[in-house]
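Everything below concerns the one structure shown next.
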2 protein chains.
Amino acid sequence: MWFFSLNSRPSQNSSNRTSEEGRDNVTRLSEKREKILEGALRVFLAQGYSASMDAIAAEAGVAKQTVYSHFKDKNSLFAALIDRLLDHFVSAGLTADLLALDARSFVRKIAQITLSRMDDWEYVSLLRLIIGESGRFPELSELYVAHMVKPGIEKLAAYLRANQQVRFSDPEATARIIHGALINFVILQEVMHGKHAMPMSRERLINSIVDMVLFAGEQGKQSS
Amino acid sequence: MWFFSLNSRPSQNSSNRTSEEGRDNVTRLSEKREKILEGALRVFLAQGYSASMDAIAAEAGVAKQTVYSHFKDKNSLFAALIDRLLDHFVSAGLTADLLALDARSFVRKIAQITLSRMDDWEYVSLLRLIIGESGRFPELSELYVAHMVKPGIEKLAAYLRANQQVRFSDPEATARIIHGALINFVILQEVMHGKHAMPMSRERLINSIVDMVLFAGEQGKQSS
DNA sequence: AGACGGTCATACTTACCAGTCTAGCATGGG
DNA sequence: CCCATGCTAGACTGGTAAGTATGACCGTCT
């Protein structure tokens with residue numbers, strides 16, 4: 001039905017910004033576009049795809065016509081926003097310096113980073129939105145999987161596989177278990193509002209994950 | 001805003017079915033109600049809460065007025081349906097005979113049961129619906145957590161805690177890890193359509209979970 | 001000054017949807 | 001036979017939303 005870009009990055013519009021001197025003009029153009037995207041972000045994340053274009057325009061402090069002059073229709077705006085959000089959260093992935101850590105610290109750090117997103121209203125709402133719309137907009141969740149989940153799990157698996165201290169019999173599956181335990185904690189506690197019904201501290205979960213993974217990895221070794 | 005029942009179980013309607021001889025009448029009443037609920041099930045699960053009452057009536061093969069004669073409004077119908085669905089899936093929980101199994105078989109069995117629901121379109125759609133509407137209808141996800149997740153995790157934790165063969169340092173957290181790894185697998189593969197982008201067999205995940213949990217549990221013991 | 005382009009407010013068109021209303025049809029019980 | 005009850009089809013009301021159209025405003029470039 002429709003299509004998400006990502007990868008195809010026209011930066012702003014396909015308009016010709018050859019000379020840097022057109023800055024004044026282009027800047028103002030981008031400013032509106034930016035305001036629209038920020039308004040759309042708040043409204044879409046709060047109300048889901050059913051949010052009205054009037055509400056978005058109002059939230060952005062912009063006339064509805066302006067929204068339609070920057071984005072073809074609702075789908076385009078939505079797609080542009082999701083692209084942007086995925087881009088944003090993808091950049092906050094695991095960096096090179098983590099790879100130098102020992103296995104125990106590495107897993108702990110990954111877990112802490114993943115769970116720290118629980119506090120990010122935008123992340124929690126994005127998760128809810130993507131899962132919720134995954135029926136109507138499969139491309140959306142596929143994009144999420146391809147750009148956020150798959151790379152994350154693969155990097156984690158690659159680390160586990162390459163690690164010399166500990167031998168993992170199935171690094172890919174182990175990576176999925178770690179990722180699943182963490183993301184599901186976010187979904188359960190924040191997305192599904194389970195933190196009151198079944199509270200648990202992040203540290204407690206992290207400690208258990210670290211212990212479990214490390215013990216499992218030591219199956220062939222003798223270590224205290 | 002509105003309210004889900006569950007617990008208040010009027011079985012069918014609160015109507016008096018004292019004598020089995022009123023069957024003819026009541027049966028026909030229930031038949032319509034049943035048809036409506038089945039239609040609503042298909043349409044709500046496929047399209048989300050935004051599905052139209054006309055579509056539901058059409059799918060149920062029933063006049064719209066009939067829908068409104070059995071259910072006050074859209075919310076009531078939706079609530080009744082969710083109650084019904086939660087009821088249905090809750091009953092398929094872990095039974096007593098599982099508790100007799102040794103730890104390894106127990107965890108494996110739990111995992112198999114949980115993952116077997118991946119094939120159930122209704123379950124996958126319900127998961128998507130509940131998460132997706134958890135912003136607009138927090139009661140919905142809280143009900144899900146209270147009636148399906150919490151009991152499941154608590155039973156699992158209770159088994160782990162009581163188990164004599166293996167010592168778990170934190171059974172509750174361990175139960176959450178197992179549950180998270182499993183449910184997240186369902187969400188990733190089926191709800192978010194990730195099975196093509198990142199395929200993995202259930203058996204492989206189950207084996208890793210079982211190994212991981214059992215090794216972790218053996219930390220204080222010497223067993224092959 | 002005049003043309004242009006982006007923006008704004010507002011109104012409009014078209015479509016959909018929740019919930020109601022009406023009038024007719026079928027059946028079963030008195 | 002008649003009436004009550006549940007059902008049906010379809011029209012209707014009121015409200016909301018996507019997307020378009022209009023006309024006015026304003027800074028910039030020529």
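Throughout, a chain's letter reflects where its sequence line sits, starting with A, and its residues are numbered from 1.
Regarding B/Y68, its OH atom lies at a distance of 16 Å from the P atom of D/dA9, rounded to whole Å. Distance B/I56 CD1 to C/dC16 C1': 15 Å, rounded to the nearest Å. Counting to the nearest Å, the P atom of D/dG10 and the CE atom of B/M53 are 19 Å from each other. One can place CZ of B/F71 at 15 Å from P of C/dA18, the figure rounded to the nearest angstrom. With rounding to whole Å, B/Q47 atom CD is found 15 Å from C/dA18 atom C1'. Distance, B/I36 CD1 to D/dT8 C1': 13 Å, rounded to whole Å. In this structure, B/N75 atom CG and C/dC17 atom P are separated by 17 Å, rounded to whole Å. The distance from atom CG of B/D54 to atom C1' of C/dC17 is 7 Å, rounded to the nearest whole Å.
If you find the closest nucleotide of DNA chain D to B/G61 and to A/S52, the one lying nearer the 5' end belongs to B/G61.
Residue contacts for B/A55: at a heavy-atom cut-off of 4.0 Å it reaches no nucleic acid atom on any strand shown. Within 4.0 Å of B/A51, counting heavy atoms only, lie sugar-phosphate atoms of the nucleic acid but no base atom.
With hydrogens and angles left out, the side chain of B/K64 and the base of D/dG10 share no donor-acceptor pair within 3.5 Å. Remark: the A/Q65 side chain and the D/dA21 base include a donor-acceptor N/O pair separated by less than 3.5 Å.
The pair A/R117-A/E190 fails the salt-bridge criterion, with no side-chain N (NZ, NE, NH1 or NH2) lying under 4.0 Å from an Asp/Glu carboxylate O.
Close to C/dT7, at under 4.0 Å from its OP1 or OP2, lies a side-chain N or O of A/H70. At D/dA18, none of the side-chain N or O atoms of A/K72 fall inside 4.0 Å of OP1 or OP2 (strictly under the cut-off). B/T66 has no side-chain polar atom (N or O) that falls below the 4.0 Å cut-off from OP1 or OP2 of D/dC7.
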Point to revise | Stepwise salt bridge (charged side-chain N to carboxylate O under 4.0 Å, His left out) check, A/E133 with A/R136 | key: CA-CA 5 Å; A/E133 303 295 349; A/R136 242 167 316 183; 3.2 Å; yes

Point to revise | Stepwise salt bridge (charged side-chain N to carboxylate O under 4.0 Å, His left out) test for B/D119 and B/R202 | key: CA-CA 12 Å; B/D119 303 319; B/R202 297 175 203 186; 2.6 Å; yes

Exercise for review: Determine, step by step, whether B/E154 and B/K150 satisfy the salt bridge (charged side-chain N to carboxylate O under 4.0 Å, His left out) criterion, reporting the C-alpha distance in whole Å, the side-chain angles of both residues, the deciding distance to 0.1 Å, and the verdict.
Suggested key: CA-CA 6 Å; B/E154 276 173 1; B/K150 194 158 184 268; 3.4 Å; yes

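Proximity note for B/D73 (side chain, C-beta onward) versus D/dA9, C/dC8, C/dG19: the nearest is C/dG19.
Here the two rings, on B/F137 and B/Y49, have centers that are under 6.0 Å apart.
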